[in-house]
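Structure record follows, encoded as structure tokens.
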Amino acid sequence: MNIDAVIESLLFVSGDGITLSYIAEILEISEAEARKYVDKLKDFYKQNSRGIEIVEYDGYVQLKTPEENFLYVTKLAESKRKKPHSPAAL
């Protein structure tokens, strides 16, 4: 099992974030081990200037877009809002 990849998947699917203790529970590892993996991923994204980063707030770990990409992500979100609904969606 590639623990880094599993953690990435958990963070991607969780959307609003997931606690470190819940990551540890799902992976059946200690919270200290989960912390090491999350920190390793944080460093990887930061050192390689990736399009996502890992942040922590109020006890939750979450994927987010780096500030320098915010303008582009906002443009995408705005263009999706302006698109008319297809006949199938109506």
**Request:** Apply the test side chain to side chain contact (heavy atoms under 4.5 Å, CB included) to residues Val55 and Leu63: give CA-CA distance (whole Å), side-chain angles for both, the deciding distance (0.1 Å), then the verdict.
**Result:** CA-CA 6 Å; Val55 295; Leu63 289 177; over 6 Å; no

**Prompt:** Which other residues belong to the hydrophobic cluster containing Leu76, where Ile, Leu, Val, Met, Phe, Trp and Tyr are joined when side-chain heavy atoms lie under 4.5 Å apart, directly or via other members?
**Reply:**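 Direct or chained contacts put Leu76 with none.
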
What heavy-atom pair brings [X] and [Y] nearest, and what distance separates the two atoms?
X: Gln62; Y: Gly17; answer: CB-CA, 4.0 Å
X: Ile7; Y: Tyr37; answer: CD1-CB, 3.4 Å
X: Ile23; Y: Ala34; answer: CG2-CB, 4.2 Å

Would one find more than 12 heavy atoms of other residues, nucleotides or ligands at under 6.0 Å from atom [atom1] of [X]?
X: Tyr22; atom1: OH; value: no
X: Tyr57; atom1: OH; value: yes
X: Glu68; atom1: CD; value: yes

Working to the nearest 0.5 Å, report the span between [atom1] of [X] and [atom2] of [Y].
X: Thr65; Y: Leu71; atom1: OG1; atom2: CG; value: 12.0 Å
X: Ile54; Y: Phe44; atom1: CD1; atom2: CZ; value: 10.5 Å
X: Thr19; Y: Tyr60; atom1: OG1; atom2: OH; value: 6.5 Å
X: Asn69; Y: Lys75; atom1: CG; atom2: NZ; value: 12.0 Å

Under a 4.5 Å side-chain heavy-atom rule over Ile, Leu, Val, Met, Phe, Trp and Tyr, are [X] and [Y] clustered together?
X: Ile52; Y: Val73; value: no
X: Val38; Y: Val13; value: yes
X: Leu27; Y: Leu20; value: yes
X: Ile26; Y: Leu41; value: yes

**Prompt:** Quick one: side chain to side chain contact (heavy atoms under 4.5 Å, CB included) partners of Ser9, sequence neighbours excluded?
**Reply:**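 So Ser9 forms no side chain to side chain contact (heavy atoms under 4.5 Å, CB included) with any residue.
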
**Message:** I'd like to check the side chain to side chain contact (heavy atoms under 4.5 Å, CB included) partners of Ser14; sequence neighbours left out, ordered by chain and number.
**Reply:**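 Once residues adjacent in sequence are excluded, the partners of Ser14 under the side chain to side chain contact (heavy atoms under 4.5 Å, CB included) criterion are Ile18.
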
**Asked** Does anything in residues 55-64 pair up under salt bridge (Lys or Arg N to Asp or Glu O under 4.0 Å), and if so which pairs, sequence neighbours excluded?
**Response**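 As it turns out, the salt bridge (Lys or Arg N to Asp or Glu O under 4.0 Å) pairs with a partner in residues 55-64, which skip direct neighbours, are Arg35-Glu56, Lys42-Glu56, Glu53-Lys64, Lys64-Glu67.
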
**Prompt:** Which residue pairs pass the salt bridge (Lys or Arg N to Asp or Glu O under 4.0 Å) test when at least one of the two sits in residues 4-26, sequence neighbours left out?
**Reply:**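 Matches after skipping sequence neighbours: Asp4-Lys40.
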
**Asked** Who are the side-chain hydrogen bond (donor to acceptor under 3.5 Å, both in side chains) partners of Ser30, not counting sequence neighbours?
**Response**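 Partners of Ser30 by the side-chain hydrogen bond (donor to acceptor under 3.5 Å, both in side chains) criterion, ordered by chain and then number, come out as Glu33.
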
